Amino acid sequence: MNLEKILYEKFSYTQFRNGQREIIESVLNGTDTIALLPTGTGKSLCYQLPGYLVDGCVLIISPLLSLMQDQVEQLRAKGEKRVVAINSFLSFEEKKQVLRNIRYYKFIYISPEMLHNEGIKKILQSLTISLLVVDEAHCISQWGYDFRPDYLEIGTVRKQLGSPVTLALTATARQEVRDDIKRFLKLEMVNEIIFSSDRPNIAYMVQRVNGYEEKRTTLLSLVKQLQGPGIIYFSSKKLADEWAKLLNEATSYNVGAYHAGLDMEQRILLQQQFLFNELDIMCATSAFGMGINKENVRFVIHFHPPVDIESYLQEIGRAGRDGEKSIAILLYSPDDIHLQMQLMEGELPNSLQIEYFGQYMLQAKVTINNKEQSSMDTFLQQPLDGFSEVQWRLLRKFYLSSRDENTFKTSIQHFIEKRKQWKQIKLQEMNQWIISSGCRRENMLHYFNEEKNIDVLNCCDHCGITMEIYQKVHSIKKERLKLNWQERLQEIFAISLD
DNA sequence: CGAGCTACACCTAAGTGTAGCTCGGTGCCTTAGT
C-alpha cells in the first residue's frame with residue numbers, strides 16, 4: 001500500500017514529516033501505540049491518514065471543545081464530509097440526528113465526559129471502530145486524578161468498545177506519564193515511539209527579581225524591547241486582564257487577555273485575532289494555548305512559574321513553530337512558589353470539609369429513609385456553599401465507592417495526602433530547575449530522561465544569549481505594511497490559505 | 001505567601017491607618033415546556 005499516494009491525494013503533501021510514517025505504520029499493523037512528537041509536527045495526520053485505509057471509523061478523544069471544532073473544520077476544508085464532533089455544541093435535535101446517522105461518519109470526535117455517557121456508549125458499541133485515538137494523552141495523568149476524572153475511565157470504555165487499536169498522542173510525557181497512559185487505557189503490548197521534546201530554536205532565560213514591584217518593571221521593559229508576537233502567562237485572571245490593559249496603553253502592541261472567565265464566544269474571537277495578527281500579545285492564564293497553531297510566536301514570558309516542568313514545556317512550546325529563533329523568559333521571585341502551593345492547597349478538600357461532608361451525608365441518609373424512595377443523588381448533585389466543583393466531585397466519588405463513613409474518610413484522606421505530596425514534588429522540581437546552575441536545556445532534557453546531543457548557539461542564560469536577536473527591529477505598523485499580498489488577503493478575510 | 005478589599009477606630013469632623021479576612025488555575029456536562 002502506497003502511503004505517499006494517499007498523503008498526496010488527501011492531504012496534498014509530498015512527503016512525511018519526521019515520525020509520521022513510523023506512527024502510521026505502527027497503527028496500521030494493529031499495534032497499540034504511544035507516540036511522543038514535539039509540538040507542531042503534524043500529529044493529527046497520524047490518525048487522519050490511517051482513517052482512509054481502514055474500513056471502520058476513527059474515534060478521537062479530545063480534551064477541548066475548541067480543539068475538536070478546529071480539527072473538524074480542518075478536515076472539512078480538505079473536502080472530508082464524514083466528520084463530526086459529538087459535544088455540547090450540538091443542540092438536542094442535532095445530537096439525535098448525528099447519533100441516528102452515526103454509521104455515516106469516518107472521523108468522530110468526542111470528549112471523555114461524553115464517552116462516559118451510557119446512551120452514547122451503547123451507540124458506539126454498534127460501530128466498527130478501527131482506530132481509537134487519545135489526543136493530548138498526557139491529560140490522562142495531568143487531569144484524570146482530580147480535575148477531570150472521566151479521563152481515568154477511558155480504558156474501561158475502550159474495553160467495552162471491543163478494545164480497538166489505540167493511538168495515544170502527546171508532546172510531553174515522562175516515563176511515569178507514559179505508564180499512566182498505558183495503565184488507564186488498559187493497554188498491554190505497546191509500541192512507544194518517542195521523539196526528542198527539545199526545541200533548539202527556543203532559548204531559555206530565567207530573570208531573577210525581588211518581589212512584585214521589580215517584576216512589574218522588568219516585564220514592562222522586556223515587552224517594550226522584545227519582537228512580537230508573544231504570549232505572557234499569569235497565574236491569575238485578574239493580573240492577565242490588568243496587564244493587557246496596561247500594555248495596550250504603554251506599548252505600540254495590540255494586547256488581549258484570555259482566561260476561563262470569558263465566555264466561549266469571546267474566547268474564540270480572541271484566539272482568531274491572535275492567530276491572524278490582529279493581536280500581537282496575549283496576556284493569558286493556562287487556559288490559553290492547547291491547539292493554538294500560530295507559527296510565528298517570538299516570545300513566551302511567564303510572570304509566574306507553572307506548577308510543573310511538563311506544563312512549562314507545553315507553554316513555551318507555543319513559541320517558534322516556524323523554526324525561527326524565539327525566546328522563553330521566566331520571571332522568578334523567591335516567594336513565587338507559595339502562590340502555587342496555595343492553589344494546590346485549595347484545590348482538594350481539607351479535613352474540615354471532609355468532616356462536614358460526612359455529617360451532611362449522615363443527615364441526608366436520615367431524610368432518604370423517611371422519604372423512602374428519594375435518591376442519594378439529589379443530595380450529591382450540587383456542591384454545598386464553600387465547596388468547589390472539583391472538591392465536591394472528588395468527595396462524591398469516594399463517598400459512593402465506600403462501604404461506610406469510616407472507609408470513606410480514611411480512603412479520601414489517604415488519596416489527598418498522596419496527591420498533594422505528588423504535586424509538591426512536581427512543583428519542587430520546577431523550582432529546582434529555575435534555581436539550578438548549569439545549562440538549562442540540558443537540565444530540562446535530563447528531566448525527560450534525554451541527553452543534549454547538539455550544540456545550540458543561543459541556548460540559555462547560563463550558556464549565554466545574544467539578546468539583540470530577540471529585540472524589536474521595526475515598529476509594528478511598519479511590519480504590517482511589509483506583508484505580501486497573500487498575507488494581507490489573509491488578514492482581510494481572516495482565512496487560512498494553506 | 002501576599003495583594004486587595006472591608007470594617008472600624010480615631011472622636012470637633014473627615015480622611016487615614018490598620019487588623020483581619022478572602023482569594024488566587026486548568027473543562028467537560030446540564031434533555032427543561034408551548
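Everything quoted here is computed from the prediction, not taken from an experiment. Proteins get letters first, then strands, A, B, ... in listed order; numbering begins at 1 in each.
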How far does the [atom1] atom of [N] sit from the matching atom of [M], given to the nearest Å?
N	M	atom1	value
B/dG25	B/dG4	P	14 Å
B/dA9	B/dA14	C1'	13 Å
B/dC11	B/dT16	C1'	14 Å

Atom pairs under 3.5 Å, N or O on each side, protein against nucleotides 18-21 of chain B: can you list them with distances?
none

Residues in ring-ring contact (aromatic ring centres under 6.0 Å, His included) with A/F357, at least two apart?
A/W392, A/Y399, A/F408
Could you list the residues that satisfy ring-ring contact (aromatic ring centres under 6.0 Å, His included) with A/F415, not counting sequence neighbours?
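So A/F415 forms a ring-ring contact (aromatic ring centres under 6.0 Å, His included) with A/F398.
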Short side-chain N/O contact from [X] to OP1 or OP2 of [N], under 4.0 Å:
X	N	value
A/R267	B/dG27	yes
A/S111	B/dG27	no
A/S88	B/dC29	yes

By salt bridge (Lys or Arg N to Asp or Glu O under 4.0 Å), which residues pair with A/R148, not counting sequence neighbours?
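With neighbours one apart ignored, the set is A/E113.
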Quick one: list whatever passes salt bridge (Lys or Arg N to Asp or Glu O under 4.0 Å) with A/K397, sequence neighbours left out.
none
Which nucleotide sits closest to the side chain of [X]: [options]?
X	options	result
A/F147	B/dT30, B/dG27, B/dC1	B/dG27
A/L65	B/dG27, B/dG24, B/dC28	B/dC28
A/E113	B/dG27, B/dG25, B/dC1	B/dG27
A/K238	B/dG4, B/dC28, B/dC1	B/dG4
A/Y212	B/dT26, B/dA3, B/dG4	B/dA3

What is the distance, to the nearest angstrom, from the [atom1] atom on [X] to the [atom2] atom on [N]?
X	N	atom1	atom2	value
A/Q69	B/dC28	CD	P	10 Å
A/D385	B/dC23	CG	P	11 Å
A/Q342	B/dG25	CD	P	13 Å
A/E347	B/dG27	CD	P	13 Å
A/L239	B/dT26	CG	C1'	17 Å
A/I110	B/dC28	CD1	C1'	12 Å
A/I154	B/dC28	CD1	C1'	12 Å
A/Y151	B/dC28	OH	C1'	9 Å

Would B/dT22 be called syn or anti here, given the cut-off of 90° from 0?
anti
Just to be sure I understand: a Watson-Crick pair is purine N1 to pyrimidine N3 plus N6-O4 or O6-N4, both under 3.5 Å. Using that and G-U wobbles, which stems of three or more pairs involve DNA chain B?
B:1-10 with B:15-24
Quick one: label [X] by what it contacts on the DNA or RNA (base, sugar-phosphate, nothing), any heavy atom closer than 4.0 Å.
X	value
A/M114	sugar-phosphate
A/P63	sugar-phosphate
A/Q340	nothing
A/I337	nothing
A/H259	sugar-phosphate
A/D336	nothing

Walking DNA chain B from its 5' end, the first of A/K95 and A/K237 to be reached, judged by nearest nucleotide, is A/K237
Report the residue (A/H338 or A/E389) whose heavy-atom-nearest nucleotide on DNA chain B is the more 5′ of the two.
A/H338
Take A/R419 and A/E347 through the test salt bridge (Lys or Arg N to Asp or Glu O under 4.0 Å) and record every step on the way to the result.
CA-CA 11 Å; A/R419 190 70 190 139; A/E347 179 178 30; over 6 Å; no
Are the ring of A/W143 and the base ring of B/dT26 both nearer than 5.5 Å at their centres and tilted by less than 30°?
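The base of B/dT26 is not stacked with A/W143 (the test needs centres under 5.5 Å and planes under 30°).
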Do A/E315 and A/H302 pair up side chain to side chain, a donor and an acceptor below 3.5 Å, judged on atom types alone?
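Yes, side-chain donor-acceptor contact under 3.5 Å.
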Run the salt bridge (Lys or Arg N to Asp or Glu O under 4.0 Å) check on A/E242 and A/K245 step by step: do they pass?
CA-CA 5 Å; A/E242 280 173 15; A/K245 196 161 167 259; over 6 Å; no
Residue A/Q363 excluded, over 12 heavy atoms near CD under 6.0 Å:
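Not more than 12 within 6.0 Å, no.
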Near A/I435 CD1, under 6.0 Å, is it more than 12 heavy atoms from other residues, nucleotides or ligands?
yes
Checking A/F274 against A/F288 for the ring pair (Phe, Tyr, Trp, His ring centres under 6.0 Å) test, could you report, in this order, the C-alpha distance in whole Å, the side-chain angles of both residues, the deciding distance, and whether it holds?
CA-CA 11 Å; A/F274 186 63; A/F288 186 71; 5.7 Å; yes
When you check the gap from the basic side-chain N to the acidic O, do A/R174 and A/D308 get nearer than 4.0 Å?
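Judged by the 4.0 Å cut-off on N to carboxylate O distance, A/R174 and A/D308 do not form a salt bridge.
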